[in-house]
Amino acid sequence: MQNRKLVVGAAVLKDGRVLAARRTRPVEAAGRWEFPGGKVEPGETPEAALEREIYEELGCVIEVIGWLEAEAPIGESHVLRVATARLAGGTPRPHEHDAIRWLAADELDEVDWLDPDRPFLRELAGLLGGSEA
Ligand SMILES: Nc1nc2c([nH]c(=O)n2[C@H]2C[C@H](O)[C@@H](COP(=O)(O)OP(=O)(O)OP(=O)(O)O)O2)c(=O)[nH]1
C-alpha cells in the first residue's frame, strides 16, 4: 500500500471508551460511522493532519498517543491508518458529523462502521479492555 495516499483517523480514548463519529457525506457514506480525521496534505505529518482535522471537525485539541498496527485500503488510491489519541483541550462537538458516540469495548459493534474501519476494531477492543464481537 506504499503508493497510496494516506487517510488518518483518530481513536480518541477517554475513560475506557472511544469516540466514533457519524458521517453526513457523500451520500453513500452518510449515516455510517468512522474515526474522525481526513486526508494528509502534502508536506504535513500524519500527526499534524490529525490534530488539524480534529480541530476542524470537533473543535477540540487532541494529542496523538500512538498508531494501531492495522492499515486498510480505501478504494484504489488511499489507505487508512488510525492513531490512538487523548483529549488535550476542549470538548468534542460535531461540526461536520451529525452525531458522535463514546463507545466501550462491548459497544463497538453497535454502530455501522465504514468498511475500511473494521480491521481496527479488534485491536481497539483490546486497548479498551474488552473483546470485540
Ligand atoms: N476521516 C475518515 N475517513 C475515512 C474513514 N474510513 C474511511 O473509509 N474513510 C474514507 C472516507 C473518505 O472517502 C476518505 C476521507 O475523506 P474525508 O472527506 O474525511 O477527508 P478530507 O476532509 O481530508 O477530504 P476532502 O474533504 O478534501 O475530500 O476516507 C475514517 O475512519 N475516517
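Each ligand, and each atom within it, is numbered from 1 in the order the structure gives.
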Point to revise | Residues in the immediate environment of ligand 1 (any heavy atom closer than 4.0 angstrom) | key: V7, R23, R25, E34, F35, G37, G38, K39, E53, I74, L80, L114, P116, D117
Study note, to complete from the structure: Residue set satisfying ring pair (Phe, Tyr, Trp, His ring centres under 6.0 Å) with W102, at least two apart, ordered chain then number -> none
Review point. Taking only residues at least two apart or on different chains, which pairs with a member in residues 29-39 satisfy salt bridge (Lys or Arg N to Asp or Glu O under 4.0 Å)?
Key: R23-E34, R32-D112, R32-D115
Review point. If you measure from CG on L68 to CZ on R122, what distance do you get to the nearest 0.5 Å?
Key: 13.5 Å
Point to revise | Partners meeting salt bridge (Lys or Arg N to Asp or Glu O under 4.0 Å) with E56 (sequence neighbours left out) | key: R52
Check your understanding: In Å, rounded to the nearest 0.5 Å, how long is the span from CD of E71 to CD of E69?
Key -> 11.0 Å
**Study point:** Main-chain N/O of L108 paired to W113 side chain as donor or acceptor, under 3.5 Å
**Key:** yes
